[in-house]
Number of protein chains: 2
Amino acid sequence: MRLTTRGRYAVTAMLDLALHGDNGPVALADISARQDISLSYLEQLFAKLRKNALVRSVRGPGGGYCLQADSKDINIAVIIDAVNETTDATNCAGKGDCQGGQVCLTHHLWDDLSEQIHNFLSGISLATLTQQQRVKQVCQRQDESQLNVNIKPEGFQLIETLVAP
Amino acid sequence: MRLTTRGRYAVTAMLDLALHGDNGPVALADISARQDISLSYLEQLFAKLRKNALVRSVRGPGGGYCLQADSKDINIAVIIDAVNETTDATNCAGKGDCQGGQVCLTHHLWDDLSEQIHNFLSGISLATLTQQQRVKQVCQRQDESQLNVNIKPEGFQLIETLVAP
DNA sequence: TAATACCCGACTATTTAACTTGGTTTAATA
DNA sequence: TATTAAACCAAGTTAAATAGTCGGGTATTA
């Protein structure tokens, strides 16, 4: 179980999908705009998510991605694992070959911690999150600011792009 | 709360100290040999541990490092935090300025997770670990193999160095 | 048939951890 | 007092991984 920004991005994108997927497929371009994640990076992540049967794609105009299962049946741990396929089992975290084929002093501790994290995250589904008030609030804010961007003339959008981090 | 190999090294070194600190200060060179951590890297880590009052140093021949407090009063979370002073609060983990000054969609989730991890690790002290049977076993193995290395002629040591990862 | 959107692979920039080098300072001991 | 073993310090270097880019595709459907 590796925790990186990549996993965070994947979870964020999947949550966006769960929140906006009621009316057919969601385009990656929309997720990219709402969540400030580069489009091509999203494409890479969703290729992995699709291979792991977490989403399915609809091609052509009006297409995009849908959740493969019900949002209450997709938990956070599964999403992170899907996106970290290259799990090298960081030194200690994987097999017990941390110290020349043997187990290192703190191997069991990190093993316990990994289990702890995994249990926590696999107990949380996308549905759990979409039902939370605090998530709904952020979602609403993002939708509104997205609306503003669409309304703004092109000149303003340019400035915004330059100013943004 | 960042989880990196640096934190793992620090905890491993501190545990080694807890296990071998009964007879006066422990030299970093010994920890380096037992735990396969480069000496100068250990020096850097212990500089931070010392600044955070987790260890105290004794200079000169026969010197080394001692735990500043009783091993039952030093928990794992404190060690990791001490060594990760440059806590940039990765994007989301710190303040809620993940998305242009605002909170991003999954901010609260990672916040909850951080708390979960911190609680788990701060509930474990060095003494907790030294009392564990599985830790004692690894410690014993390391002490014995350390003995072997000291007995071997220089030629063998050289080969071992070349073969080791 | 053209626009839309997914798909794919290689490439690059940046960051950071891990490690190295080459010293200086301190104190025990022979 | 000279030697030695240890902590201390400050750079620089290497290697790996992440985040992101670019330029091409290919399938779908309005």
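Letters A, B, ... mirror the listed sequences (proteins, then strands); counts begin at 1.
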5' priority, DNA chain D, between B:Ala27 and B:Ser40 [closest heavy atom]: B:Ala27
Measuring from the side chain of [X] (C-beta onward, heavy atoms only), which nucleotide among [options] has the closest atom?
| X | options | answer |
| --- | --- | --- |
| B:Tyr9 | D:dT21, C:dC19, D:dA7 | C:dC19 |
| A:Gln44 | D:dT21, D:dA7, C:dC7 | D:dT21 |
| A:Tyr65 | C:dC19, C:dC6, D:dT21 | C:dC6 |

Partners meeting side chain to side chain donor-acceptor pair (under 3.5 Å) with B:Gln137 (sequence neighbours left out): none
For B:Val26, the option from B:Val55, B:Val58, B:Ile31 that meets side-chain contact (heavy atoms from CB on, under 4.5 Å): B:Ile31
Is the phosphate of [N], meaning OP1 or OP2, less than 4.0 Å from a side-chain N or O of [X]?
| X | N | answer |
| --- | --- | --- |
| B:Arg6 | C:dT16 | no |
| B:Ser57 | D:dA6 | no |
| B:Arg56 | D:dA7 | no |

Listed once per pair and sorted, the salt bridge (Lys or Arg N to Asp or Glu O under 4.0 Å) pairs that draw on residues 10-27 of chain B, sequence neighbours left out: B:Asp16-B:Arg34
Each nucleotide N or O in nucleotides 25-30 of chain C that has a protein N or O under 3.5 Å away: list the pair and distance.
residue, atom, partner, partner atom, Å
C:dT25, O2, B:Arg59, NH2, 3.0

Exam field: side chain B:Arg50 to backbone B:Tyr65, donor-acceptor pair closer than 3.5 Å: no
Side-chain donor/acceptor contact of B:Glu43 with base of D:dC9 under 3.5 Å: yes
B:Gln140 CD: over 12 foreign heavy atoms closer than 6.0 Å: no
